[in-house]
K.L.:
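Starting off with a structure, shown below.
Please read all numbers here as calculations on a predicted model, not as lab measurements. Atoms within each ligand, like the ligands themselves, are counted from 1 in listed order. This chain uses plain numbering: 1 for the first residue, then up along the sequence.
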Amino acid sequence: MKLFNTKRASPNKLSADQIAVDIDGLSVRLNQKKVLKKISMRIPAFSITSVIGQSGCGKTTLLNAMNRMNEIVPEHQTTGQIWMDGRDINHRRENVSRLRTNVGMVFQRPNPFPMSIYENVCFGLKLQNKNNRRQLDDAVERALINAALWDEVKDRLHEPAGILSGGQQQRLMIARALALKPQILLLDEPTSALDPLATLFIEELMQSLKKHTTIVMVTHNMQQAARISDYTAFIHKGELVEFTNSDKLFTNPKRKQTEDYITGRYG
Ligand SMILES: Nc1ncnc2c1ncn2[C@@H]1O[C@H](COP(=O)(O)OP(=O)(O)OP(=O)(O)O)[C@@H](O)[C@H]1O
Ligand SMILES: [Mg+2]
C-alpha cells in the first residue's frame with residue numbers, strides 16, 4: 001500500500017496559523033432534527049482531513065456547514081462558531097458568495113450543468129463577471145490540468161458535459177471548484193462511484209492539491225482514509241468521537257467507539 005501521509009503534529013498541538021478551519025461548539029438542526037451536536041475540531045491547513053462514520057451520522061452536514069450550504073434547508077439552525085482567517089463565517093455580515101468562492105465543494109454525486117465541458121468549468125468565473133475570453137480559456141485549461149482531465153477533454157471542450165464518464169464527470173466537478181482557486185476544498189465521497197484507476201487518479205490529484213489547498217473529504221472507504229489523509233475525524237450520531245492523525249486513529253484509537261467502527265463491529 002502506498003502511504004502518502006508523512007508524520008505530522010496532532011491537530012491540537014498546531015499553532016493558530018497552521019489551522020485552516022477552527023470549528024468551535026458547532027451544532028446544526030435541520031427541520032427540527034439535531035444533526036450535529038457540539039462539534040469542535042481544528043482542521044490543519046495544507047493537509048487532507050477525512051471524515052468517516054455511518055450513513056446518516058452527519059458527515060455531509062458537517063461539510064455543508066463549512067460553506068453555509070445548510071442554509072438551503074428552509075428550517076435550519078446553526079449555533080457555535082466556524083472560524084476561517086480569523087472570521088466567524090456565520091457572522092451576519094459575512095459575504096456568503098465570497099465564502100463559497102474560498103470554500104469550494106464537490107458534491108456526493110457529480111452534478112454537471114446541462115452545458116458544455118468548457119462552460120461548466122468557467123461557470124463560477126462568469127458569475128463573478130469575468131468574461132475576458134483569453135483569461136477564461138487560460139483558467140479553464142489550468143483547472144482541467146490540475147484536475148487531471150485536460151488530456152482527455154482538450155479536443156472536445158465544447159461538447160456537452162453529460163457525455164463524460166462518471167469518473168471524468170467527478171474530475172470535471174473538481175475542475176469547476178478549482179477554477180475559483182479555493183483555499184479549502186470540500187469533497188463529499190469523491191471516489192465512491194469510481195473504478196480503481198479513476199480512484200487512484202483522484203487520490204494522486206488530492207496529494208498534489210494539498211500543497212496549496214486544505215482538503216476535507218468524506219469517505220466510506222477506511223483504507224482510503226488511512227492511505228491518503230493526514231487526519232481523520234470519526235463522527236457517530238452527530239457527535240465527534242475522535243479526531244487525530246490518521247495513522248493514530250486507525251492503528252491505536254483512543255475511544256472504544258472508534259475501534260468498534262474501524263474494525264467493522266458496526267456501520
Ligand atoms: N433537510 C433535512 N431535514 C431533516 N433532516 C435532514 C436533512 N438533511 C439531512 N438530514 C438528516 O441529518 C442526518 C445526517 O445527514 P447527512 O446527510 O449529513 O449524513 P451523512 O453522514 O452524510 O450520510 P451518508 O453517508 O449516507 O451520505 C440524517 O439523519 C439525515 O436524515
Ligand atoms: Mg453524505
K.L.:
Taking NZ, NE, NH1 and NH2 as the nitrogens, is one of them in Lys126 or Glu119 under 4.0 Å from a carboxylate oxygen of the other?
P.N.:
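Counted as a salt bridge, because a side-chain N and a carboxylate O are separated by less than 4.0 Å.
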K.L.:
Mind checking what residues have non-hydrogen atoms under 4.0 angstrom from ligand 1?
P.N.:
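For ligand 1, the residues that come within the 4.0 Å heavy-atom cutoff are Leu30, Asn31, Lys33, Val35, Gln54, Ser55, Gly56, Cys57, Gly58, Lys59, Thr60, Thr61, Val73, Gln108, Glu189, His220.
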K.L.:
Tell me which pairs pass ring pair (Phe, Tyr, Trp, His ring centres under 6.0 Å) where either residue lies in residues 36-60, with sequence neighbours left out.
P.N.:
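Every pair satisfying ring pair (Phe, Tyr, Trp, His ring centres under 6.0 Å) with a residue in residues 36-60: there are none.
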K.L.:
Say you draw a straight line from CD1 of Ile215 to CD1 of Ile184; how long is it, rounded to the nearest 0.5 Å?
P.N.:
11.0 Å
K.L.:
Working to 10°, measure the angle at the Mg ion (ligand 2) formed by atom OE1 of Gln108 and atom OG1 of Thr60.
P.N.:
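Between OE1 of Gln108 and OG1 of Thr60, at the Mg ion (ligand 2), the angle is about 90°.
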K.L.:
Parallel, tilted or perpendicular for Phe123 and Phe113, by the 30°/60° rule?
P.N.:
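Geometry flag for Phe113 against Phe123: tilted rings.
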K.L.:
Determine, for Arg68 against Glu94, whether the closest basic-nitrogen to carboxylate-oxygen distance falls under 4.0 angstrom.
P.N.:
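Salt bridge flag = no for Glu94 with Arg68.
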K.L.:
Rounded to the nearest 0.5 Å, what's the gap from CD on Gln170 to CZ on Arg109? Could you check?
P.N.:
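Between Gln170 CD and Arg109 CZ, I get 11.0 Å after rounding to 0.5 Å.
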